[in-house]
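Please read these numbers as outputs of a predicted model, since none were measured by experiment.
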Protein chains: 2
Amino acid sequence: MAAPRRAPTAHDVAALAGVSQSAVSRCFTPGASISEETRQRVQAAAEQLGYRPNLIARSLIKRRSTIIGVVIPGLQNPFYAAMLEALSADLATAGYRILLFNAPARGTPDPVLDEMLNYRVDALILVSSSLSSGLADECQKIGLPVVQLNRTTERSTVSSVVGDNHGGAEAIARFLLACEHERFAFIAGLETSSTGKAREAAFLGTLGAAGKPVARGVANYAFEEAEGIARQMLGGANPPDAIFCASDHMAIAALGVARTEFGLTIGRDISIVGFDDIQMAGWPQISLTTYRQPVRAMSSRAVAMIEAQLQGTGTGSGLSEVVPGDLVVRGSTREPAHGVIDLGYERVWRP
Amino acid sequence: MAAPRRAPTAHDVAALAGVSQSAVSRCFTPGASISEETRQRVQAAAEQLGYRPNLIARSLIKRRSTIIGVVIPGLQNPFYAAMLEALSADLATAGYRILLFNAPARGTPDPVLDEMLNYRVDALILVSSSLSSGLADECQKIGLPVVQLNRTTERSTVSSVVGDNHGGAEAIARFLLACEHERFAFIAGLETSSTGKAREAAFLGTLGAAGKPVARGVANYAFEEAEGIARQMLGGANPPDAIFCASDHMAIAALGVARTEFGLTIGRDISIVGFDDIQMAGWPQISLTTYRQPVRAMSSRAVAMIEAQLQGTGTGSGLSEVVPGDLVVRGSTREPAHGVIDLGYERVWRP
DNA sequence: TTGAAAGCGCTAACAC
DNA sequence: GTGTTAGCGCTTTCAA
């Protein structure tokens with residue numbers, strides 16, 4: 001009924017318990033030296049008042065917030081949702097909380113990052129986005145660990161964890177060749193993404209070496225744009241019989257267009273391959289052949305890197321790690337002449 | 001090359017600029033009175049040092065962190081991912097950051113919440129989870145705004161925003177009756193969820209009034225469990241010809257089983273309806289009839305409630321708001337005798 | 001073991 | 001307009 005009061009402080013508890021305020025602090029500090037008797041008294045008083053230690057004040061003095069800033073784009077893409085969930089679990093286990101920034105998919109998240117740094121996060125994890133060189137320098141100067149997930153930089157000062165974009169895209173190219181396709185197409189995500197560029201280079205490179213040209217479109221990792229590009233490709237003069245999309249999300253869009261608008265039988269008339277292996281790729285209605293990015297492994301590697309840097313052993317800064325995946329074969333592609341291995345619960349391509 | 005130093009403080013800037021530390025503070029406070037000349041000096045010094053105001057210190061003194069705690073379960077369910085994205089956007093616009101807690105889908109998130117409160121978040125948004133009565137009391141005592149999203153409580157002190165669970169489920173029942181179905185089934189999410197109970201009550205109630213019994217299973221909002229239940233129902237003695245699933249995610253699982261394992265033609269042999277209208281429900285491969293929960297509207301209502309409570313006008317605490325949706329008709333159901341309205345971009349049922 | 005005292009980096013009166 | 005002075009709620013020496 002009374003007006004909303006302010007939360008009780010350690011002082012209030014101390015007064016009630018008849019001890020000093022520092023005694024209260026000790027009571028809530030794991031390894032502190034405090035007698036059993038006073039701890040009881042303090043405990044009781046704290047309970048009675050509903051006292052909870054103010055972690056804001058604590059981080060001010062400790063210079064550690066146990067909060068880690070996570071910048072991540074469009075959660076509508078299930079790949080990012082899965083990554084965030086994995087990060088959330090791994091960071092919670094490591095004793096960290098997440099300050100979340102849902103970055104715009106395109107463009108630099110600098111203003112947003114600026115804010116994060118002001119909150120004195122203990123580290124930064126950037127999913128599919130990168131630091132401006134200015135900010136990178138600043139982070140290094142103040143010793144703030146940063147790791148980029150699913151993106152690399154030329155800057156050697158920031159660490160990164162990525163899937164095997166090169167190996168994956170190359171495997172996909174070889175796989176489609178083994179399926180005896182003739183007319184290839186590639187639907188790119190963002191022109192600027194290091195990840196996307198690596199996939200494209202490997203795909204085009206491998207097919208180029210085999211003397212195959214590749215049609216190309218850019219869909220900015222957006223579902224609707226991917227539908228548009230697929231529509232245009234399939235409605236064109238010399239339509240592809242094999243499309244590699246730089247993400248599952250776009251591949252599923254293409255799949256829908258091919259089946260619904262062009263009446264194609266997927267896996268016979270055309271093969272469509274994605275990248276990521278999001279949950280939906282395994283749905284029977286979708287059944288998308290795709291290169292798996294092991295989200296959980298990537299997340300835990302990123303968190304391990306952060307922890308290493310936080311440990312301050314100097315290790316871990318500027319490292320770049322590649323987490324290998326698997327080409328999972330499902331119904332959206334023709335059957336290749338060789339190389340498919342049945343693991344029971346799924347089939348993979350290992351030529 | 002040098003060892004990692006600590007970030008510069010307002011003091012350092014003041015020293016360099018030859019002004020007092022409070023001048024520095026004023027320089028970074030929007031409406032403060034400061035001469036153009038000193039602001040320049042401070043600005044320059046700050047830039048040179050790479051100074052950034054410490055928001056932790058600021059929140060300590062202001063007793064406002066501009067951080068809002070968001071508790072949300074399994075991001076693997078696209079409904080939650082979409083909700084988080086909406087909240088993130090709305091809260092950013094309102095000037096807040098998100099401290100994220102990915103709660104376990106089942107069970108009470110109390111320990112997690114405890115932590116959040118210690119971080120002195122300005123408010124709490126709980127998606128699909130609820131507060132223990134003890135914590136609810138505590139929040140009210142310290143005047144901390146709390147709103148539950150997609151869940152209600154009997155406790156009148158905490159506000160909530162929900163979709164129209166009753167109206168939606170009733171509409172689905174009437175719709176399936178209009179499709180002249182005979183053998184109904186319901187796949188529940190969590191037994192404990194207020195939302196799920198409301199859907200079930202309305203569905204069973206409406207069909208009961210029409211003299212129709214309803215088979216029932218519980219799948220805990222989990223994809224695999226929903227597949228199991230669907231398998232069991234369809235393989236049983238008197239298989240249903242109409243299934244309502246308490247979420248799209250589960251409905252899509254059922255859809256896959258019905259089509260792939262039982263060879264049923266969806267929309268003819270059987271109708272399957274979901275709830276939420278996640279993005280995938282609209283994919284041509286899925287084409288799920290479902291009751292839409294307007295995620296964006298729900299998010300912005302929740303944020304508005306928070307802001308009202310923060311404004312301290314006393315308004316908004318203990319309010320419960322229902323956001324109406326639409327029954328979106330797609331290919332997973334038979335065509336009803338009447339009531340379908342074509343809006344051009346989609347079809348809805350409004351009898 | 002315990003309390004007193006000095007801050008962590010900042011904002012907010014209050015004089016000047 | 002500007003500096004001085006108190007704190008915000010806590011941790012951490014340092015003596016006692």
Side-chain angles (χ1 to χ4, degrees), chain A residues 5-43 45-46 49-67 115 117-122 142-144, chain B residues 5-43 45-46 49-67 115 117-122 142-144:
Chain A
R5 318 100 289 253
R6 355 177 331 204
T9 74
H11 256 108
D12 305 335
V13 177
L16 181 61
V19 297
S20 77
Q21 183 264 338
S22 20
V24 178
S25 171
R26 290 191 186 100
C27 179
F28 287 91
T29 306
S33 97
I34 183 173
S35 77
E36 190 49 33
E37 204 215 311
T38 42
R39 105 167 285 104
Q40 302 268 329
R41 295 250 299 281
V42 171
Q43 207 75 265
L49 259 38
Y51 168 73
R52 33 180 78 250
N54 186 330
L55 294 192
I56 294 280
R58 175 181 299 178
S59 24
L60 183 58
I61 194 166
K62 289 216 165 182
R63 293 209 184 79
R64 286 180 103 264
S65 58
T66 65
I67 291 179
E115 269 256 354
L117 294 186
N118 291 351
Y119 272 103
R120 295 304 195 265
V121 292
D122 288 344
I142 60 175
L144 185 83
Chain B
R5 319 99 289 254
R6 354 176 335 202
T9 74
H11 256 107
D12 305 335
V13 177
L16 182 61
V19 297
S20 78
Q21 183 266 337
S22 24
V24 178
S25 171
R26 289 192 186 101
C27 179
F28 288 90
T29 306
S33 98
I34 184 173
S35 77
E36 190 50 31
E37 204 216 312
T38 43
R39 104 167 285 103
Q40 301 268 330
R41 295 248 300 281
V42 172
Q43 207 74 265
L49 259 38
Y51 168 74
R52 33 181 78 249
N54 186 329
L55 295 192
I56 294 279
R58 176 181 296 178
S59 22
L60 184 58
I61 193 165
K62 289 217 165 182
R63 291 210 186 78
R64 288 180 101 264
S65 58
T66 65
I67 292 180
E115 269 256 354
L117 294 185
N118 291 351
Y119 272 103
R120 296 303 196 264
V121 292
D122 288 344
I142 60 175
L144 185 83

For this session: For DNA chain D, determine which residues of residues 16-31 of chain B have any heavy atom closer than 4.0 angstrom to one of its atoms, and list them numerically.
Result: B/Val19, B/Ser20, B/Ser22, B/Ala23, B/Arg26

Problem set entry | Minimum side-chain heavy-atom gap B/Val24-B/Thr9 below 4.5 Å | no

Problem set entry | Interface with DNA chain C, restricted to residues 32-41 of chain A and to heavy atoms under 4.0 Å | A/Ser33, A/Ile34, A/Ser35, A/Thr38

Exercise. Does anyone know the first and last nucleotide of DNA chain D in reach of chain B, 5' to 3', at under 4.0 angstrom to a heavy atom?
Worked result: D/dG1 to D/dG9

For this session: Quantify the bending of the helix from C/dT1-D/dA16 to C/dC16-D/dG1 as the angle between its end axes, each fitted on five pairs, to 10°.
Result: 40°

Problem set entry | B/Thr66 and A/Tyr119: side chain donor to acceptor below 3.5 Å | yes

For this session: Sequence neighbours left out, what passes side-chain hydrogen bond (donor to acceptor under 3.5 Å, both in side chains) with B/Arg64? Give chain and number order.
Result: B/Tyr96

Problem set entry | Positional range of nucleotides in DNA chain C within the contact set of chain B, heavy-atom, under 4.0 Å | C/dG9 to C/dA13

For this session: Kindly write out the residues that satisfy side-chain contact (heavy atoms from CB on, under 4.5 Å) with A/Ala32, not counting sequence neighbours, or none if the list is empty.
Result: A/Arg26, A/Thr29

Problem set entry | Sub-4.0 Å heavy-atom contacts from residues 52-62 of chain A onto DNA chain C, ordered by number | A/Leu60, A/Ile61

Problem set entry | Partner set under side-chain contact (heavy atoms from CB on, under 4.5 Å) for A/Leu49, not counting sequence neighbours | A/Pro8, A/Asp12, A/Val13, A/Leu16

For this session: Please list, chain by chain and in numerical order, all residues satisfying side-chain contact (heavy atoms from CB on, under 4.5 Å) with A/Arg52, sequence neighbours excluded.
Result: B/Asp114, B/Leu117, B/Asn118, B/Arg120, B/Leu135, B/Glu138

For this session: Would you please name every residue forming a ring-ring contact (aromatic ring centres under 6.0 Å, His included) with B/Tyr51, sequence neighbours left out?
Result: B/Phe28

Exercise. How would you list, by chain and number, every residue that makes a side-chain hydrogen bond (donor to acceptor under 3.5 Å, both in side chains) with B/Ser20, sequence neighbours excluded?
Worked result: B/Ser22

